[in-house]
2 protein chains.
Amino acid sequence: MATDELMARALAALGDDGPLSVEAIHRLADLGDLPETMTIAEVADLLDISPHTLRYYERAGLVEVARDGNGHRIYDADVVRRLVFLTRMRLSGMPMRDLQHYISLVDSGAHTVPERLDVLVEHRDTIRRRIRELTLSLTAVEYKIATYGGATGPDVQDPGPA
Amino acid sequence: MATDELMARALAALGDDGPLSVEAIHRLADLGDLPETMTIAEVADLLDISPHTLRYYERAGLVEVARDGNGHRIYDADVVRRLVFLTRMRLSGMPMRDLQHYISLVDSGAHTVPERLDVLVEHRDTIRRRIRELTLSLTAVEYKIATYGGATGPDVQDPGPA
DNA sequence: GTTTGCGTTTGAGCGCGCTCCAACGCCTAG
DNA sequence: CTAGGCGTTGGAGCGCGCTCAAACGCAAAC
């Protein structure tokens, strides 16, 4: 089963510190047991976003959500899965308009699969670049902490006493 | 010399792909040969930000910049070094107000060094968290690319044909 | 002398992604 | 019957980090 491999990779990536990992892996892999339908509050809880944001995503055209007799939103499992995907992409920095583009591709049929893959690949590369940038920043900050002399200036020269 | 070690760590962190690394390492370590003074355009070029942004940072209280006889800004090496630090922090996601706080600490004297270190350590942890988040997202996106079936839904089940 | 180019200032405007407000509806508990 | 709680809508507002407009100054080039 592919899930195991995914979990293993996620675990490996997460490394040492934090409760975040457990929760995050949960969200990454634990989509099997979704209820048939959910209320807006339940979905908001699940995704850790506000009901406001969910309505906003709907207005933005990212999802279509059915209503019950009272006009209240009913989120079915498919919609929730799409929202899981969308929030994951948002969290990793994909802008709303790219998401709107992607969804428009999804909604226009199977022939857009290659273009969708392009979007994903490009986003993957963006994430990789960002990770490299952050890793570099991390190195700089760690260096500055280690050699702190009080100056805002060069991390590299004149380290001074800690 | 500490620079070598820093370079080595940065190189190790950067890994395989890209011209970004060379340029980035340059910025990380190559602060020794700054001119005595620079114009706003030169600094903007160096930092890859706009003159607008430089003026904005000044208005925000992050730096004080001297003027020449015509009222034009003159950036000396110390100010430029501070700006290098500031843009590095901005690039790694530190909000303007944290930067303002940090600078206010710097400007209030050596006794704030411990508090400055607290700020840096907290930011370091923020960067680490963000890297972990992005690594997780990257795994998810890579998985979705690898198993793409066209659904926006679960990355984990029903992979379908590539 | 005028044009070109780079700079200055104050203050307004913008793009993004929410976030909230006001007015209202339905349903249930007390 | 009424109060509380959760939901609805359209539209306004916000926080962030720039980004730009307008009106102006100085100086070198033509």
Side-chain angles (χ1 to χ4, degrees), chain A residues 35 37-76 79-80 82-103 123 126 130 133 137, chain B residues 35 37-76 79-80 82-103 123 126 130 133 137:
Chain A
T37 68
M38 300 176 75
T39 67
I40 194 168
E42 289 164 351
V43 176
D45 263 21
L46 177 73
L47 301 180
D48 203 25
I49 61 180
S50 74
H52 289 306
T53 302
L54 281 169
R55 294 190 197 102
Y56 166 69
Y57 286 175
E58 188 178 346
R59 270 195 279 186
L62 297 182
V63 281
E64 277 184 42
V65 184
R67 306 299 150 111
D68 68 10
N70 297 323
H72 290 194
R73 288 169 176 78
I74 305 177
Y75 291 84
D76 66 30
V79 169
V80 172
R82 176 179 282 197
L83 284 167
V84 169
F85 169 74
L86 291 170
T87 50
R88 197 174 281 163
M89 292 302 101
R90 285 292 304 118
L91 200 66
S92 62
M94 182 177 279
M96 286 295 288
R97 47 175 177 299
D98 291 5
L99 241 23
Q100 288 168 326
H101 177 223
Y102 185 88
I103 288 301
H123 184 55
T126 300
R130 187 67 187 135
E133 281 175 16
S137 295
Chain B
T37 68
M38 300 177 75
T39 67
I40 194 168
E42 290 165 351
V43 177
D45 264 21
L46 176 73
L47 301 179
D48 203 27
I49 61 181
S50 74
H52 289 306
T53 302
L54 280 169
R55 296 191 196 100
Y56 166 68
Y57 286 175
E58 188 178 347
R59 269 196 281 186
L62 297 181
V63 281
E64 276 183 43
V65 184
R67 306 300 149 111
D68 68 9
N70 297 322
H72 291 196
R73 287 169 176 78
I74 305 178
Y75 292 83
D76 65 30
V79 169
V80 172
R82 177 179 282 196
L83 284 166
V84 169
F85 169 74
L86 291 169
T87 50
R88 198 175 278 162
M89 291 302 101
R90 285 290 305 117
L91 201 65
S92 63
M94 183 179 279
M96 286 296 288
R97 55 181 170 305
D98 291 6
L99 241 22
Q100 287 168 325
H101 177 222
Y102 184 88
I103 288 300
H123 185 55
T126 300
R130 187 67 186 134
E133 282 175 16
S137 295

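Residue numbers start from 1 in every chain, and the chains themselves are labelled A, B, ... in the order their sequence lines are given, proteins ahead of strands. In what follows, every heavy atom counts, from backbone to side chain, and hydrogens, waters and symmetry copies are set aside.
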Does [X] make a side-chain N or O approach to OP1 or OP2 of [N] shorter than 4.0 Å?
X	N	result
A:Y57	C:dG17	no
B:R67	C:dT9	yes
B:S50	D:dC18	no

- Would you confirm whether B:E133, through its side chain, and A:L91, through its main-chain N or O, come within 3.5 Å as a donor-acceptor pair?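 Side chain of B:E133 to backbone of A:L91, a donor-acceptor pair under 3.5 Å: no, none is there.
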- B:Q100 side chain to B:G61 main-chain N or O, any donor-acceptor pair under 3.5 Å?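 Answer holds: no.
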To the side chain of [X], which of [options] is closest?
X	options	value
B:P95	D:dG17, C:dC18, C:dT10	D:dG17
A:H52	C:dC6, C:dT19, C:dT9	C:dT19
A:N70	C:dC18, C:dC26, D:dT19	C:dC26
B:H72	D:dG10, D:dG25, C:dC18	D:dG25
B:R59	C:dG11, C:dT8, D:dC18	C:dG11
A:T53	C:dT9, D:dG7, C:dC18	C:dC18

- Can you tell me if A:T39 and A:H72 form a side-chain donor-acceptor pair at under 3.5 Å?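 The criterion, which ignores hydrogens and geometry beyond distance, is not satisfied for A:H72 and A:T39.
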- Item | Residue closer to the 5' end of DNA chain D, B:G93 versus A:E42 (nearest nucleotide) |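 Of the two residues, A:E42 wins.
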Can you measure [X] atom [atom1] to [N] atom [atom2] for me and round it to whole angstrom units?
X	N	atom1	atom2	answer
B:L99	D:dC18	CG	C1'	14 Å
A:M38	D:dG7	CE	P	12 Å
B:L62	D:dG17	CG	P	10 Å
A:M96	C:dC14	CE	P	21 Å
A:D68	D:dT8	CG	C1'	11 Å
B:L54	C:dC6	CG	P	16 Å
B:R90	D:dT19	CZ	C1'	14 Å
B:Y75	C:dC6	OH	C1'	13 Å

Under 4.0 Å between any heavy atoms, over every strand shown, what does [X] touch: base, sugar-phosphate, or nothing? Just pick one.
X	value
B:R55	base
A:A41	sugar-phosphate
A:I49	nothing
A:P51	nothing

- Presence of salt bridge, A:R55 and A:E58, under 4.0 angstrom: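 No, no charged N to carboxylate O under 4.0 Å.
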- Could one point to a donor on the side chain of B:R97 or the base of D:dG17 with an acceptor on the other under 3.5 Å away?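 There is none.
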- Item | Approximate separation, where rounding is to 0.5 Å, of B:R59 CZ and B:T53 OG1 |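 Between atom CZ of B:R59 and atom OG1 of B:T53 there are 10.5 Å.
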- Message: The test is side-chain contact (heavy atoms from CB on, under 4.5 Å); show your working for A:L62 and A:M96 and say whether it passes.
- Response: CA-CA 9 Å; A:L62 297 182; A:M96 286 295 288; 3.7 Å; yes
